[in-house]
Structure formats: C-alpha cells, structure tokens
There are 2 protein chains.
Amino acid sequence: MPVTIKDISKHLGLSVSTVSKALNGYPDVAAKTRSAVLAATEQLGYQPSATARNLRRQRTDKIGVVHPVKSFESETFVGFFRGLVYAAQDFGYNLNLYTAPESDSAALQRICRGREVDGMILIGTGIAGVQEASMALLEREGIPFVVLGNPVEDSNVSFVAPDNRGGALAVMQHLIELGHQRIGYIARPDDPENNAQRFEGYRQALAEAGIDFDDTLITEAPYTPYSGMGAMRVLLELPKPPSAIFAFNDHVAIDASRTVLQRDLQIPEDLAVAGFDNIPSSLVASPALTTVHQPQIEMGKQALEVLLALIGGRDDVQRLTYQTELIVRASTVTKIL
Amino acid sequence: MPVTIKDISKHLGLSVSTVSKALNGYPDVAAKTRSAVLAATEQLGYQPSATARNLRRQRTDKIGVVHPVKSFESETFVGFFRGLVYAAQDFGYNLNLYTAPESDSAALQRICRGREVDGMILIGTGIAGVQEASMALLEREGIPFVVLGNPVEDSNVSFVAPDNRGGALAVMQHLIELGHQRIGYIARPDDPENNAQRFEGYRQALAEAGIDFDDTLITEAPYTPYSGMGAMRVLLELPKPPSAIFAFNDHVAIDASRTVLQRDLQIPEDLAVAGFDNIPSSLVASPALTTVHQPQIEMGKQALEVLLALIGGRDDVQRLTYQTELIVRASTVTKIL
DNA sequence: CAGCTTTTCGAAAACGTTTTCGATCAACGG
DNA sequence: CCGTTGATCGAAAACGTTTTCGAAAAGCTG
C-alpha cells in the first residue's frame, strides 16, 4: 500500500491533475501550489508508480539486453557487459537482462509483444545462431535495437563493433617485425563474422610482408573448453611447425600456451603466442599474453547512445567500428620492462 | 500500434472480459469459445501488455539485482552473476540490473517506491558500505530481498552465503599438512564480514594444530588494483618471513604471487600461495592457484528460490550457508598430476 | 411447464498515472 | 461597466489489462 498521487491530492485538497501537472513541470500551475505539492511529495514519500506511468505514456524508459546464457562464462562477453553497465549508469538507465533461449525465440517474442522495453541491445553475436533469429524477430516486431559486436552476414542493422581486421593486422605486423615467417592462425568457426575479419587481417599482413600463405598453418578451435589445446597440438606436429601463432582470442591463446608448455617448449623463444580481447586472464597468464584491447567501455556507451537515438525516432542505421590497441606482453617478446 | 485484447474481442465479436478469461484459464468460458480465442490470439499475434497487466495485478513478476558499479570488474562477483543468470533462466524470470550509486540511495528509493520489481537480490556486500544503506532502505520500504553473500553485521535478513570459515579452515589444514608452520594471511579490510569469517578459519586451523598465532604475519590489501603486491612485500621483508600465505581471495593471491616471482623465489618451493573464490584467472595463473571453490550456480539458484518464497508471503528469514570445496593446484604442491 | 441449477457471457470498476479541454475567476483595457 | 485576456485549476478520458458481479440462456427435475 504505497502512497499514490491520490493521497497527495487528498492531503492538499487539490485535484489529481493539478498534482500531476505540478510534478511534471506544466506551466499552468501557480508557483505556490507547486511548492506545496513538492513539499507534500517529500513529506509523504511519494514516487509515481513506474507501471502506471509506463502504461499511460506508452513507453517504459527501459532497455533490454539480449544475450546467450553462456555469455557470463566468457570473459570477453563479460567485458562488454562491463561497458554496458557503466554506460547505463551514465545515462541513468537500468538494464533488463534477457537470456535468449538457445532454441526457440518464444520468450523474446513475449518480451517484444509485451512491450516491456523501449529498445534492445544484442550481445554475443554469432554464437549458436541465437542472434540471427533474434534480429529477425526484433525487426519484424519493430523494436529498435543495436548489436554490440559484429552482426552476422551483411544484415542492415546498427551495430558497434571492434576493428577486428585492424587489430589482427597490428598483431601480425608485430610478429613479422620480430622476424617470424611461419605464423599459425587458430580460428573459431562458431563465431564466423569476427573470425572472418580477424583472419582477413592475418592474410593482409602476410600479403603486405610478401609472405606466402600456407593453409596448413590454419587450424580450428570450436567453442568448447580447452579446444585450443587440440588445435595447438595439430600445429606442433606439422612437418614444418610455425614459430609463432595468432589465436582467435585470448581463451584460445591461453589454451594453446598450455599445450606448448606441456611439451617443454619456451614461450616466446621457441614459439610466440598472441591473442585477442585482452581479458583479465591474459594478464596473469604465464607468460603474460600479447593481445589486442578493444575499448569496451566506450563501445558500450556508444551502443546505448545509438539505441537512444533510434528510440528517439532516428531511422538511419549506424555502423560504428572502434579502433583497437595492440598490447605487447611477454608471450611475444623476451625483454619486457 | 501493437495488437491489444480489444482487437481480439472485436475480431471475434466477444467482450473483452471473456477474451481475458479465456486466456487466463477461468472456468466460466465454453470450450468452443476458448479455442476460438486461442486461435485468434495466435493468428493476430497477440501478447498481453506487460505494463497493463502489472498495473492491474499490482505485481511485476520481475526481480531486481542491486550491485555496485565495480561488480563487473571483479571476477568473484561475475561468478555470482553467472549463478543468478542460470537461476533466472531456470525459473523463467528476467533480471533487472540496478547499479547502486556509491554515495546516495535516491535511485534505489525511486525503484522501490516506483514498484518496478517484486523483490531484490543484493550482491556485493560490504564493498564501500553500499549494501548497508540499501538494506536499510529496502527494509523500510517493505520490499522483499535476499543478500547473495554475507550481509554486514548480524542484521536480521535472509542470505545465501559461502561457508567462509570452513573454506579457510580447509586451505589452512592443507597447508599445515604440507608442513608449513609460519603461514601469512593477507586480509581485505574493505570486506569486513567475509574477511572476518575467513580469518576465523585461519585462526581455528592454527589453534587446532597447536601453532601459536603471530600477528606480524597478518597484513592487509585494500580493494585497489595490485594492492596484494604491497602486502606481500611487507611479509617478505619480515625478519622471519612465512613459508606459505593464505590470501583473502584469488585476486590478492595472484598479486602476491607476482611479488614473489619478481624476487626470484619459487612457488611453492620457497613460498606456497593459496587464495579463495576459484576465479577463472586462478586456473591460468602461474603457477595455477590453490583455492576454494564456492558453488555459485547453486547459490544463485537458492537465493532466487528464497526470494520467491519471500515474495509469496513467507516471512521467516533464511540464513543459508553453502559448503565450499578445496581445490589443490600447483601453487602449494609441486607434484601435481 | 414451473422452478431450479448450471453454464456462459458481458458490464463495469479498478489499477495509478498523464493529458486534453473546458470552466472559473481575477485582472485589464477601453 | 462590459468584453477580453491570462492565469489557474478540475473533470474526464485514456492507456490495456484483470476480476467481480449480475444477467441471460440453457439444462435439468419433478
């Protein structure tokens, strides 16, 4: 039995409408009554019911985050959440988490049709095909949304994503500068879009350096625990093994390192290792991992900004790519101070 | 302009009330009309407005998660979020994230009075005193809530927490069995409740083994980056340095290890290190960290269960403590297979 | 067929707001 | 003193549901 606007109006002998107008800054209310209303509000501890207000205004001032269940298993995704939380805090919004069911999209449909949120942010692109179905659904229901990360295919949606190609290019140039000629790549087939872009950077660096592409140096690590170890084993057993490897992300790179160390090889002396994402573990890994940092906080903020614009009525799709930063650590160079 | 219940009623020539009753399983509606309503619902793609329904029912079927901004910086907290996300998915609930402002609680008050959620889960106890103010507020506003983790002081609230003392005891017994007699403890003053309980386990183990307590072996690492390194330095410069240390949590332990390795000491030969929480980094740290695992998924689920009971009308406080599990890795024993 | 029960439905109130529109009243210009 | 204007307020509709209650229709009993 919380205090409602009716309580305030009774308490002051005013009508409900005047109280509402006083609180919402309408001009047709006397200064004296407005201050009286404000005082009573404070005194009785009144706060408008969000539900009632939402119903009347036909909007909820809430934004939803759609993500696969496994998001929180991955330090990469957690990084994006971190960015979103900071962004939401800055914008005075609260986040509603909607865990996208792997199989059917009935739940998401319920959210949309139930008009629980004004807009949505999609995160965890590509994993398990969840995003693809969700995007189609949101499009159909006319809910504004932006993808945090790379959307599948060349769908015509707004997104905020890292410069995968540029980041991969930087890592590769770093390795090539160190003198490496045979550089392996461990791919992530489950995340086709990100993988394709990083692989593109890999190939571009080779081409620019005049190094022939050798497809025996490409191997795959699917989205399962420790898959990077198996991939690394394949590379090490090659007739002419690589002297360095660039892994799709830090998780894979750390797994790969494990295999390397198990064989009593030295990193980076016998084999240099580099990853992508700059997850917390990459710093404590042994040796500390050379990787690519993406500005997840800024990206989260930007994604929210774009979404708010979309909700506000803008209808042009925005495709924003964020610069990444190479972080050199002990897994590629020995002398590091 | 989404399709409302009125559209359905018009389309079928029925009244709004019968449609609603058909959908909500009321008995006083003919089987034939019910199936007609269901069919029309499916055909027109109708989904009740969550807002309108909430207003009428006076509940939102949503639960909020109050957490400090920094939660997502800490792998420990992320673990709890992980548990909550799984639990929410299991119970068919969605989580609303409410980032508790560090200083004032106006925002939280707005949530409560606005009746946006049916209940709340508080996470990140003790950090920066946020939880204390929040708990008082929620209590005052009459919103059901449960604390995930240890609540401050001996407040009379429901919580689901790990067995800190038992976990610490197990780590210490492990170290003592290995022959260590001088064991340091790095405390976390910012998290008084958890710290006190783990410290209690530390002292109990010493007492049971008949080892005298030496307070020069106790040092502190506040909640700032790399604070563990400084704490470890203090311990190493002692006239009689410890042969093993037990750190408040894995973050601190990993920091401490860094200092140890910088001084060209071997872990665990020269100094054994153990932590608490079993964060992802503890596995990739070098050497892999001996630590205490808490069943965060189960705990998250349990917290939600308790909260749902509270919302359902139960009013007895529940204080649940979860068993932890010692995880032995290379930072305490050399031969590990 | 009269009277009763059971089945099936619809009218209307209610949830707590916001917002439009008209009403009242004082002030003001002429 | 009258018509106009501006300031201030309240009545009422609306947002989209759920739920209570009474009414109508149908079925049943004797």
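Note on naming: letters A, B, ... go to the chains in the order of the sequence lines (proteins, then strands), and numbering restarts at 1 for each one.
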Subject >> For B:F159, all residues meeting ring-ring contact (aromatic ring centres under 6.0 Å, His included), sequence neighbours excluded >> reply: none

**OP:** Quantify the bending of the helix from C:dC1-D:dG30 to C:dG30-D:dC1 as the angle between its end axes, each fitted on five pairs, to 10°.
**Re:** 50°

Original post:
Got a sec, which residues hit ring-ring contact (aromatic ring centres under 6.0 Å, His included) with B:F81, two or more places apart in sequence or on another chain?
Top reply: B:H67, B:F72

Original post:
Got a sec, which residues hit side chain to side chain contact (heavy atoms under 4.5 Å, CB included) with A:A52, two or more places apart in sequence or on another chain?
Top reply: A:S49, B:L55

Subject >> A:D277 side chain to A:T76 side chain, donor-acceptor N/O pair below 3.5 angstrom >> reply: yes

Subject >> side chain to side chain contact (heavy atoms under 4.5 Å, CB included) against B:E139, all qualifying residues, sequence neighbours excluded >> reply: B:F145, B:V157

Original post:
How long is the line joining NZ of A:K32 and P of D:dA7, in whole Å?
Top reply: 17 Å

Side-chain donor-acceptor contacts of residues 58-66 of chain A below 3.5 Å, not counting sequence neighbours, with atom names and distances?
unit_1	atom_1	unit_2	atom_2	d
A:R59	NH1	A:D61	OD1	2.8
A:T60	OG1	A:K62	N	3.3
A:T60	OG1	A:E116	O	3.2
A:T60	OG1	A:D118	N	3.4
A:T60	OG1	A:D118	OD1	3.1

Original post:
Does B:E73 have any salt bridge (Lys or Arg N to Asp or Glu O under 4.0 Å) partners at least two apart in sequence or in another chain, and if so, which?
Top reply: A:R82

Original post:
If the sugar-phosphate is the primed atoms plus P, OP1 and OP2 and the base is the rest, what is the B/S/- string for nucleotides 8-20 of chain C, using protein heavy atoms under 4.0 Å?
Top reply: BBBBBBBBBBBBB

In residues 17-29 of chain A, what donor-acceptor pairs under 3.5 Å come from side-chain atoms, sequence neighbours left out?
unit_1	atom_1	unit_2	atom_2	d
A:S17	OG	A:S15	OG	3.1
A:T18	OG1	A:S15	O	3.3
A:T18	OG1	A:S15	OG	2.5
A:K21	NZ	A:D28	OD2	3.3

